[in-house]
Amino acid sequence: MEFDYDYIIIGSGFGGSVSALRLSEKGYRVLVIEKGKWFEAKDFPKTNWNLRKWLWMPSLRFFGIMKLSIFRHISVISGTGVGGGSLVYANTLPVPKKAFFTSGSWGQLENWEEELKPFYQTALKMLGAVPNPKLFDGDLALLQLAEDINRADKFERPHVAVYFGKEGETVKDPYFNGKGPDRTGCNFCGGCMTGCRHNAKNTLDKNYLWLAQQHGAEILSEHEVTNVIPEGKEGENGYKVTAKSSTKLFGKKKSFSSKGIIFSGGVLGTVKLLLKLKRSTLPNLSEKLGDDIRTNNETLISVSTADKEKDLSKGVAIGSLLHTDDNSHLEIVRYSKGSGFWKLMHLPFAAGKNPLQRAFSVVSQFFISPLKWLNVYLFNSWSRSTTVLLFMQTVDSTLKLTRNRLGIIATGVSSGKKPTSDIPESRELTKRYSRIINGKATSFALESIAGIPTTAHILGGAVMGKDATAGVINSKNQVFGYEDLYVVDGSMISANPGVNPSLSITAIAERAMSLFPPKVNVAVEIEVPLKNV
Ligand SMILES: Cc1cc2nc3c(=O)[nH]c(=O)nc-3n(C[C@H](O)[C@H](O)[C@H](O)COP(=O)(O)OP(=O)(O)OC[C@H]3O[C@@H](n4cnc5c(N)ncnc54)[C@H](O)[C@@H]3O)c2cc1C
Ligand code: SF4
């Protein structure tokens, strides 16, 4: 049977990029379809006030790298563009603790810790991850906090996917025996989450996708996949894929045929698309689709210092972390100088059981120390004076994503308690950190008033299981009910890693792709039956 491609990969984030390289290396003809744009270093915004280049909001003609989606139980930030979340992420690549490998719907399917060990090593190498070499004011304050709570030995410089050569010096590819692109030494400007304008961040277009293209993989950007139709009941004769322009108002639809499909659109891309297709062209998909959505149970609280001499914007986006107990850790996150947009969406941090209590706390804080708040919002440069405290826990609770007949995606609580922005341990650590830097704590208005937490780490929704009653995919990432259909992205994550997930997504994708055989040479395939005859 003649297909346009052997595999079409929907989305070019961590799962999609690994799939593109490994499949094209094995001789398969690969097309990656990506909703977002291609970005070169010069295309990223100088600060996050340039909303058009920073945010992905096509209805306002903003075609940047970060999307904000607000639901009833959580708000989610995620990445868009060729390279997916790697363009906007904070480069931090920790290995999860033991519990991740044995819990959730995948826990009993394999000895995951052992099975994935070599793939974590490959992932770290491919992404060029090394411990952050330099600490700055925000990190030193975390070290001070670690000493205060007698956990200095639990303070770490995380592995980050950044090239740390000589600051500002461009060299020939240092990673892939000269087959990769030139790289430039990081200058610790803190701008990783608005996109690196200095060619130092190891985004996926500079490793996996770059090499995949050398093996013949094609990348179609600015197109969103809207339909996948199986040929034959279970896709045994391949699939037809339709994509529409995501940046042009009157762009033409494109259609392609493919033997197999890899869904790699990230949780909000993949689960949203699969929920739509379950009602139309892919009805055999498991009833578990949309279940077991997890976050890292995180809180994001900003602390702004009143001390003018401190510069909290210096360093890589996440420069240090502290394991605050066996289940939790805290990371120091920053934006570069001038990137103060978030202050418009922040209110004084408020804890409390109900919205009235929290609203009262917000207003009273303004009245109690108006000058200090004027400093935070008006007089001090927000990013220079602010550290974001990213707190994460392995404690498990799951949400469910559903889609109604109008196509609207909503969240519901699936099991355990719903995620909350009010975590006592995080509150206590924020208080201590604020004291150390003489700072005031703020959080997203939705967290302060409505108690809705924000996550950059949405996971699950198409999890692994022993069969279709327990999951959407098996332990080889194959979708139950269809042939040659795979989910390879954050939606496959089947337990709470409790840490930033991109390294795990990369490692699990590497393992899934290692199970594909090399493509059988077509000429050989034809020859065998002829000989038999
Ligand atoms: C500000 C921020 C900071 C972060 N920092 C870190 C960090 O330091 N460390 C870490 O591990 N993680 C971090 N993350 C999370 C990390 O970015 C994600 O976990 C990771 O990118 C998810 O990878 P993925 O393979 O699931 O897909 P993604 O990387 O989300 O990529 C999916 C891609 O698919 C595209 N797509 C979706 N639907 C379609 C469709 N229908 N058709 C075509 N294309 C489609 C999207 O545009 C996107 O480019 C951060 C996230 C954000 C937003
Ligand atoms: S700190 Fe600046 S130069 Fe270094 S990777 Fe981040 S954005 Fe690039």
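Every number for a ligand or one of its atoms is a count from 1 in the order of the listing. These numbers come from a predicted model, not from an experiment.
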I'd like to check which ligand 1 atoms, numbered from 1 as shown, lie under 4.0 Å from a non-hydrogen atom of [X].
| X | value |
| --- | --- |
| Glu224 | 40 (C), 41 (N), 42 (N), 43 (C) |
| Gly269 | 37 (C), 38 (N) |
| Gly81 | 49 (O) |
| Asn91 | 8 (O) |
| Val88 | 1 (C), 2 (C), 3 (C), 53 (C) |
| Gly490 | 24 (P), 26 (O) |
| Ile33 | 43 (C), 44 (N) |
| Ala90 | 3 (C), 4 (C), 5 (N), 6 (C), 7 (C), 8 (O) |

Short side-chain donor-acceptor distance under 3.5 Å, [Y] and [X]:
| X | Y | answer |
| --- | --- | --- |
| Thr170 | Thr184 | yes |
| Tyr163 | Asn199 | no |
| Thr386 | Ser304 | yes |

I'd like to know if [X] and [Y] make a salt bridge, using a cut-off of under 4.0 Å between side-chain N and carboxylate O.
| X | Y | value |
| --- | --- | --- |
| Lys134 | Glu167 | yes |
| Lys310 | Asp137 | no |
| Lys35 | Glu222 | no |
| Asp4 | Arg29 | no |
| Lys288 | Asp291 | yes |

Considering only the protein, which heavy-atom contact is closest to [atom], and what is its distance?
| atom | result |
| --- | --- |
| atom 22 (C) of ligand 1 | Ile505 CD1, 3.7 Å |
| atom 33 (C) of ligand 1 | Glu34 OE1, 3.6 Å |
| atom 4 (Fe) of ligand 2 | Cys186 SG, 2.4 Å |
| atom 2 (Fe) of ligand 2 | Cys189 SG, 2.4 Å |
| atom 11 (O) of ligand 1 | Ser502 N, 2.8 Å |
| atom 41 (N) of ligand 1 | Val225 O, 3.2 Å |
| atom 37 (C) of ligand 1 | Gly265 O, 3.2 Å |
| atom 19 (O) of ligand 1 | Pro501 CG, 3.4 Å |
| atom 8 (O) of ligand 1 | Thr92 N, 3.1 Å |
| atom 30 (O) of ligand 1 | Gly266 CA, 3.9 Å |
| atom 3 (S) of ligand 2 | Asn187 OD1, 3.2 Å |

Under 4.5 Å between any side-chain heavy atoms of [X] and [Y], yes or no?
| X | Y | result |
| --- | --- | --- |
| Ile10 | Leu273 | yes |
| Arg157 | Asp139 | no |
| Leu459 | Pro497 | yes |

Measure the acute angle between the ring planes of His346 and Phe444, then classify it against the limits of 30° and 60° as parallel, tilted or perpendicular.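 His346 vs Phe444 ring planes: tilted.
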Between His329 and His323, what is the ring plane arrangement, given parallel below 30°, perpendicular above 60°, and tilted in between?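 Tilted, since the angle between the ring planes falls between 30° and 60°.
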Using a 4.0 Å heavy-atom cut-off, which part of [X] comes near ligand 1: side chain, backbone, both, or neither?
| X | result |
| --- | --- |
| Leu459 | neither |
| Ile10 | side chain |
| Ala243 | neither |
| Asp489 | both |
| Ser264 | backbone |

Out of [options], who is nearest to [atom] when you count heavy atoms only?
| atom | options | value |
| --- | --- | --- |
| atom 53 (C) of ligand 1 | Val241, Val160, Val32, Ile77 | Ile77 |
| atom 48 (C) of ligand 1 | Gly79, Gly13, Gly15 | Gly79 |
| atom 17 (O) of ligand 1 | Gly36, Gly85, Gly83 | Gly85 |
| atom 44 (N) of ligand 1 | Lys67, Glu222, His457, Lys35 | Lys35 |

Those atoms of ligand 2 less than 4.0 Å from some heavy atom in Gly190: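 Within the 4.0 Å cut-off of Gly190, ligand 2 contributes 1 (S), 2 (Fe).
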So, the side chain of Arg22 versus the backbone of Arg511: is there a donor-acceptor pair under 3.5 Å, distance only?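 No, the answer is negative, given that no donor and acceptor are paired below the 3.5 Å cut-off.
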Let me know which of Phe62, Phe39, Phe63 forms a ring pair (Phe, Tyr, Trp, His ring centres under 6.0 Å) with Trp56.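 Output: one option passes, namely Phe63.
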From atom 8 (Fe) of ligand 2 out to just under 2.8 Å, does an N/O/S atom of Cys196 turn up?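 Within the cut-off used here (under 2.8 Å), Cys196 does place an N, O or S atom near atom 8 (Fe) of ligand 2.
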Looking at atom 4 (Fe) of ligand 2, is one of the N, O or S atoms of Cys192 less than 2.8 Å from it?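 Of the N, O and S atoms in Cys192, none lies under 2.8 Å from atom 4 (Fe) of ligand 2, which means no.
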Close approach of His223 to ligand 1, heavy atoms, under 4.0 angstrom: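 It does, in that a heavy atom of His223 comes within the 4.0 Å cut-off of ligand 1.
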From CA spacing to verdict: side-chain contact (heavy atoms from CB on, under 4.5 Å), Val316, Thr92: CA-CA 9 Å; Val316 288; Thr92 305; over 6 Å; no
Determine, using ring centers only, whether Tyr5 and Tyr239 are less than 6.0 Å apart.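 They do not qualify: ring centres at least 6.0 Å apart.
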CA sep, side-chain torsions, deciding dist, call: Thr194, Tyr335, side-chain contact (heavy atoms from CB on, under 4.5 Å): CA-CA 8 Å; Thr194 43; Tyr335 275 90; 4.2 Å; yes
